Amino acid sequence: VFSGGDEGQFRIERITAIAGETLPDAARLHVAQAQEGPWPAFSLRGVVSNERYLTRVEKTALVAVQQPVGGQAARRGAFIPIRKSRAWWDLTQDERRQILEEKSHHIQIGMRALPQVARRLHHCRDLGTPEPFDFLTWFDYRPEDEPLFDDLLGALRATEEWTYVEREVEVRVSRG
Ligand code: HEM
């Protein structure tokens, strides 16, 4: 559960609407395993789920280098909730994989930012309840790696995959 309000482990540096409606402004971001609400600004829920698109070769490469979120030195981060369009969800699994990787190189582009950027993907549709976003993405990195993260965002947002993103809000945070 990612909640915005006056309390939480992370200070919110800025909230930017990339596509669609923004989120209400808040001073701090609270990240928890369970709902502890009510929260004055927002409260968004998602679950870590099974992977859908990775091949075995890609997964092996990823697991060899990726770092878990929450590392000591990773004092900057980004919480980016995303909703994709109806057109995306109407595609078949193989069509989505085709766009995500063969055409947009999401995994290949992402790998370039590893191990400096740590990531955790949460799925909202798996909750079975109506939610404002499909994915809650969560990243952290050391302050000096922020330019690398910015480049990663720029590269992903220029892909065909991102033409299916209808709502995206970027919440940049600092720890402490
Ligand atoms: C840090 C480097 C990154 C790597 C290595 C990476 C890797 C991946 C992988 C392997 C998947 C597919 C998971 C599956 O098989 O289901 C995925 C999905 C996803 N990633 Fe990334 N990613 C990175 C950065 C990002 C960033 C910066 C964003 C957001 C701005 C993002 C947003 C997403 C979303 C929304 C999905 C779900 C796509 C869907 O299921 O339609 N990723 N990522």
Side-chain angles (χ1 to χ4, degrees), residues 2 13-20 22-23 29 31 44-71 73-128 131-173:
F2 293 81
E13 305 292 351
R14 59 179 188 279
I15 299 181
T16 313
I18 307 299
T22 192
L23 283 171
L29 181 72
V31 183
L44 300 169
R45 299 185 313 132
V47 287
V48 175
S49 182
N50 62 292
E51 278 137 358
R52 272 78 165 163
Y53 302 109
L54 273 174
T55 64
R56 171 53 59 192
V57 169
E58 287 160 354
K59 180 157 179 161
T60 303
L62 212 58
V63 167
V65 284
Q66 70 187 2
Q67 294 295 312
V69 291
R75 305 195 61 79
R76 295 285 153 74
F79 167 57
I80 308 179
I82 287 174
R83 189 175 70 227
K84 284 183 170 175
S85 63
R86 177 70 192 269
W88 174 261
W89 295 108
D90 281 346
L91 295 172
T92 60
Q93 187 68 21
D94 59 320
E95 288 169 327
R96 285 194 291 263
R97 158 76 201 188
Q98 192 71 22
I99 293 165
L100 183 127
E101 190 56 20
E102 277 68 32
K103 291 184 174 169
S104 302
H105 312 295
H106 182 131
I107 301 165
Q108 205 180 304
I109 290 169
M111 286 285 290
R112 301 205 297 253
L114 264 47
Q116 292 95 325
V117 177
R119 54 179 266 276
R120 199 167 73 205
L121 176 65
H122 310 82
H123 287 257
C124 310
R125 290 167 69 99
D126 283 21
L127 293 169
E131 301 293 332
F133 295 94
D134 296 331
F135 309 99
L136 307 180
T137 68
W138 180 226
F139 307 92
D140 67 20
Y141 41 83
R142 295 174 306 173
E144 57 268 38
D145 291 322
E146 190 145 51
L148 178 71
F149 185 71
D150 293 343
D151 287 351
L152 168 66
L153 284 181
L156 287 175
R157 287 175 182 152
T159 62
E160 182 176 340
E161 183 194 351
W162 247 254
T163 64
Y164 293 91
V165 171
E166 62 177 25
R167 190 175 179 200
E168 177 177 8
V169 184
E170 187 180 308
V171 181
R172 295 284 185 125
V173 302

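Everything numeric in this text was worked out from a predicted model, so none of it was measured. Only heavy atoms go into these numbers, but all of them, side chains included; no hydrogens, no water, no symmetry mates. Both counts, for ligands and for their atoms, begin at 1 and track the order of listing. Counting from 1, the numbers follow the sequence of the chain as shown.
- Those atoms of ligand 1 with a heavy atom of Arg52 less than 4.0 angstrom away are 14 (C), 15 (O), 16 (O).
- Checked against a 3.5 angstrom limit, the closest N/O atoms of Leu54 and ligand 1 fall inside it.
- Aromatic rings of His123 and Phe135 (six-membered ring for Trp) have centroids within the 6.0 Å cut-off, being under it.
- The proximity of Lys84 to ligand 1, defined as any non-hydrogen pair under 4.0 Å, is limited to the side chain.
- What sits closest to atom 15 (O) of ligand 1 on the protein, heavy atoms only, is Tyr53 N, 2.7 Å.
- Judged by distance alone, the side chain of Arg157 and the main-chain N or O of Ala155 form no donor-acceptor pair under 3.5 Å.
- Of the listed residues (Trp89, Trp162, Phe135), the one carrying the non-hydrogen atom nearest atom 29 (C) of ligand 1 is Trp162.
- Nearest-residue assignment for atom 5 (C) of ligand 1 (options Gly110, Ser49, Gly154, Ala118; heavy-atom criterion): Gly110.
- Scanning Met111, Glu51, Gln66, Arg119 for the heavy atom closest to atom 23 (C) of ligand 1 points to Arg119.
- The residue from Gln116, His122, His106, Gln108 that puts a heavy atom closest to atom 21 (Fe) of ligand 1 is His106.
- Nearest to atom 36 (C) of ligand 1 among the protein's heavy atoms is Leu121 CD1, 3.8 Å.
- Remark: side-chain polar atoms of Arg75 are not paired, donor with acceptor, to backbone N or O of Tyr141 under 3.5 angstrom.
- For the pair Arg120 (side chain) and Pro68 (backbone), a donor-acceptor distance under 3.5 Å is absent.
- In this structure, the side chain of Glu170 does not engage the main chain of Ile18 through any donor-acceptor pair within 3.5 Å.
- Taking every heavy atom of Leu152 and a limit of under 4.0 angstrom, the matching atoms of ligand 1 come to 1 (C), 2 (C), 27 (C).
- Not less than 6.0 angstrom separates the ring centroid of His106 from the ring centroid of Tyr53.
- With a heavy-atom cut-off of 4.0 Å, Ile109 does not touch ligand 1 at all.
- Contacts of Thr137 with ligand 1, taken as heavy-atom pairs under 4.0 Å, involve the side chain alone.
- In summary, Asp150 and Arg76 do not engage in a salt bridge, as defined by a charged side-chain N under 4.0 Å from a carboxylate O.
- For ligand 1, the atoms closer than 4.0 angstrom to any heavy atom of Leu156 are 24 (C), 25 (C), 26 (C), 27 (C), 28 (C).
- In the vicinity of Trp88, heavy-atom distances shorter than 4.0 Å reach the ligand 1 atoms 41 (O).
- Closest to atom 27 (C) of ligand 1 among all protein heavy atoms lies Phe139 CZ, 3.5 Å.
- Annotation: side chain of Asp134 is in contact with side chain of Trp89 (closest heavy-atom distance under 4.5 Å).
- Remark: Arg97 engages Glu102 in a salt bridge, criterion side-chain N to carboxylate O under 4.0 Å.
- Counting the atoms of ligand 1 from 1 in the order shown, those under 4.0 Å from a heavy atom of Val117 are 1 (C).
- Residue contacts with ligand 1 for Leu153 involve side-chain atoms from C-beta outward but no N, CA, C or O (heavy atoms, distance under 4.0 Å).
- Here the side chain of Gln98 pairs no donor or acceptor atom with the backbone of Lys103 at under 3.5 angstrom.
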Subject >> Worked check of side chain to side chain contact (heavy atoms under 4.5 Å, CB included) between Phe79 and Val31 >> reply: CA-CA 10 Å; Phe79 167 57; Val31 183; over 6 Å; no
